[in-house]
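Reading through the structure tokens given below for one structure.
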Protein chains: 4
Amino acid sequence: MEYNEKQIAIIDIAEKLFAENGYDATSVRDIAHDAGINVAMISYYFGSKEKLMEALFERKSTNIRIKVENLIQNENLSPLQKINVLIDDYIEKFIAQQGFHKIMMREQIIEKDTTVASIILELKKRNLESIKLLIQEGQKSGSFIKNIDVVLMMTTMVGTVSQMISSQYFYREVNNMQQMDEIEFRKHMKKKLSVHLKKLFKALLTYDSQ
Amino acid sequence: MEYNEKQIAIIDIAEKLFAENGYDATSVRDIAHDAGINVAMISYYFGSKEKLMEALFERKSTNIRIKVENLIQNENLSPLQKINVLIDDYIEKFIAQQGFHKIMMREQIIEKDTTVASIILELKKRNLESIKLLIQEGQKSGSFIKNIDVVLMMTTMVGTVSQMISSQYFYREVNNMQQMDEIEFRKHMKKKLSVHLKKLFKALLTYDSQ
Amino acid sequence: MEYNEKQIAIIDIAEKLFAENGYDATSVRDIAHDAGINVAMISYYFGSKEKLMEALFERKSTNIRIKVENLIQNENLSPLQKINVLIDDYIEKFIAQQGFHKIMMREQIIEKDTTVASIILELKKRNLESIKLLIQEGQKSGSFIKNIDVVLMMTTMVGTVSQMISSQYFYREVNNMQQMDEIEFRKHMKKKLSVHLKKLFKALLTYDSQ
Amino acid sequence: MEYNEKQIAIIDIAEKLFAENGYDATSVRDIAHDAGINVAMISYYFGSKEKLMEALFERKSTNIRIKVENLIQNENLSPLQKINVLIDDYIEKFIAQQGFHKIMMREQIIEKDTTVASIILELKKRNLESIKLLIQEGQKSGSFIKNIDVVLMMTTMVGTVSQMISSQYFYREVNNMQQMDEIEFRKHMKKKLSVHLKKLFKALLTYDSQ
DNA sequence: CATGAATGAGTGTTCATTCAT
DNA sequence: TATGAATGAACACTCATTCAT
């Protein structure tokens, strides 16, 4: 699907509002107002509010796919280093696209069988496959242990970053960072998450539990 | 606050519907219908839909507090064993009260300054304090390393379990467990999460990173 | 109709609230709340909200009837003096029972054929008859002119006092009396209205227009 | 504020219903029904029921302002004649716009600090200022006495006409005019009020009370 | 005699969507 | 292609009243 400038503008506004207030608490009027367009335009361009949501997912979900192709062919990095690159890449994407991730987190919880749900499912499967490739590579070379539950490992990566984003105001408060500039705080989160997840992944991938 | 039988029944129905469809997508009519009562009763008993939500949080949030009092005084368990007990306790509570946790996950994302938001904040603070006590005990005895970011550790515990619950249908699918009985699947999740988180915590608490 | 203490208390509260906010804008819950009783009591004691209004009118309307019996037989006063006594009596009652008069003013405007409307009509007729007696006495003795439209004259008396009550806050403002104590202000209004209406009535009753 | 045809139609219907039944006893559904439009249109056009009321006041209150500019410059009329013209003008406006005046009478009684209340207050002040100009002119030329309470005089004018309108059915009844054609009855009222108020004003403006 | 619980109808308002232009 | 006008359904909530006790 190709979207023109106006449609993209609408999608971006929708993303912002859905992220802040949730899909149901955001009216098409809110979106139209913030986008400076007529209410009818949303139905006109996307067919319905739900279809707008689908368009949003179609457009944004591709940006947050884990990409592993170049990484695999890179012969200068060890398997663990590759995993670390991947972790940083994931954190970077997640934090940069907080808004969309918030929407996705909420949608993920709903059990309904919607188009959006299937997009999310597809995304998860792709991400899982990508990371599996890297793990298997490390296992073949003997760098990683045999017994690795990749799904659980992903769950921890996604869950930890998600939870960090969701509770960032709590995090700021307990760490006395209320006044910290947003950009600086994002850097801080990235660094913390990076070190933290790398440590966890190292444990999962290389320490044999007996 | 004390609630009578009818009120509790309403709260339970509301919990189920809010968990399944979200707060905004659930109308008071839906709740009244499922509870077999008149719409007016929700206002009558709780004042408003929002107050019903608050009542729900008031009632349920106490059930999911981490309790460490007995654990601390137990002299038969090592600090790490205590942490492991706590992990299992947390997983148990979270999975048993999935519905409420789903609601809380969604509410946590919204940035608004509501009563519910403050209840969640309070809960997080209490849980953090509880777990800090155990950690400090282990540090004093030398069982745990000095440098532990408890908030990040909690983030991983909460995040991992949350993410597992949120994506349990994905988990079933990629593990070919679609047909597994719900009770058995819960057992499976608990076991998996237990082993996984214990491994992660052990790494965070005892391995010094250089 | 006889009303017990509780009923009278309810009627008094209702009078206050109806006067302040209007009949329709006052809910039985408001009344019950202010009276410190159960909502059901209003239906229980009076049958309905409308019947409560009727009870209110039944009770209060008798207090504001113009009484001329003693006045007529008083041989020490001239006809004009008697009219002046009546004017003061009317002003006194109206201001003392402002609340009820406000309710009546509003009800009077509605065109519906209700019980309350018929009570008001009855009251007006009685008051008209009373005053007519005094006028006729004065005409017989030659003190008053022949051609007097008593209805119009009453309209001016009632209308002037009503309007004064209705717009008393405007009156205070344009006369810089915002800070004046309520009791003192009532005295002021009474005096002003008294002199004013007496002058008007003297003109209507004694000056022949050619 | 400019209103389009549809909006004006709605305002007119609202005026009729508010006049007949009162603001609170008139539902937006009643208005929508009588106007042959959808209920949502009232919110759509005016924002809310209250805003509709304000629009009504904004539109109609200008029509009933006493205008005195031309009168002052007219050199062919004596001060008293000018007052008489003003009285007739006021009666004419009041009776022609009975509906709106009924609404205003009721609103005037309520003590709340609403937009409508402030419009009424403003209107009263303007009318008072207008009439004061005429009075002062007459006083300067020696036609009127010095000691005139203009506010009280206005109170009598407004009050008398208001009361006449409010109790016109009573008036018809006691004067055996139930069957009189509405148009003819209005003429009758105007004539009666005109003569009556002119007599009263003459007394207030020219007779010195000793 | 009194009341807490409960009800169905109604309130004003907002919703996503459609229509006529 | 674009939009202001309009709609019917739904929203949360309040209403006066009734009922069982």
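Chain letters run A, B, ... following the sequence lines, proteins first and then strands; every chain starts at 1.
Separating the CE atom of M41(A) from the C1' atom of dT18(E) is a distance of 15 Å, rounded to the nearest angstrom. If you measure from atom CG of D30(C) to atom P of dT14(F), you get 11 Å, rounded to the nearest angstrom. Look at CD on E5(C): it is 14 Å from P on dC1(E), rounded to the nearest Å. The nearest whole Å value for the distance from the CD1 atom in I37(A) to the P atom in dA16(E) is 13 Å. Residue H33(B) contributes atom NE2, which lies 14 Å from atom P of dA10(F) at whole-angstrom precision. Between the CZ atom of R29(C) and the C1' atom of dA6(E) there is a distance of 10 Å, given to the nearest Å. A straight line from CG of L52(C) to C1' of dC15(F) spans 15 Å, rounded to a whole angstrom. Note: CE (M53(C)) to C1' (dA16(F)) measures 15 Å, nearest angstrom.
Side chain of K60(B) to main chain of I11(B): no donor-acceptor pair is present (N/O by atom type, distance under 3.5 Å, no hydrogens or angles). Remark: side-chain polar atoms of E20(B) are not paired, donor with acceptor, to backbone N or O of L17(B) under 3.5 angstrom.
By the 30° and 60° cut-offs, the orientation of the rings of F46(D) relative to Y3(D) is tilted.
Between Y45(A) and the phosphate of dA2(F), there is a side-chain N or O to OP1/OP2 separation shorter than 4.0 Å. For N38(B), no side-chain nitrogen or oxygen approaches OP1 or OP2 of dA6(E) to under 4.0 Å. Taking side-chain N and O atoms only, S43(C) has no distance below 4.0 Å to OP1 or OP2 of dT18(F). Phosphate proximity of dC15(E) to K49(A): absent, as no side-chain N or O sits under 4.0 Å from OP1 or OP2. The side chain of Y44(B) contributes an N or O atom lying less than 4.0 Å from OP1 or OP2 of dA5(E).
The shortest distance between side-chain heavy atoms of E107(D) and I120(D) falls below 4.5 Å.
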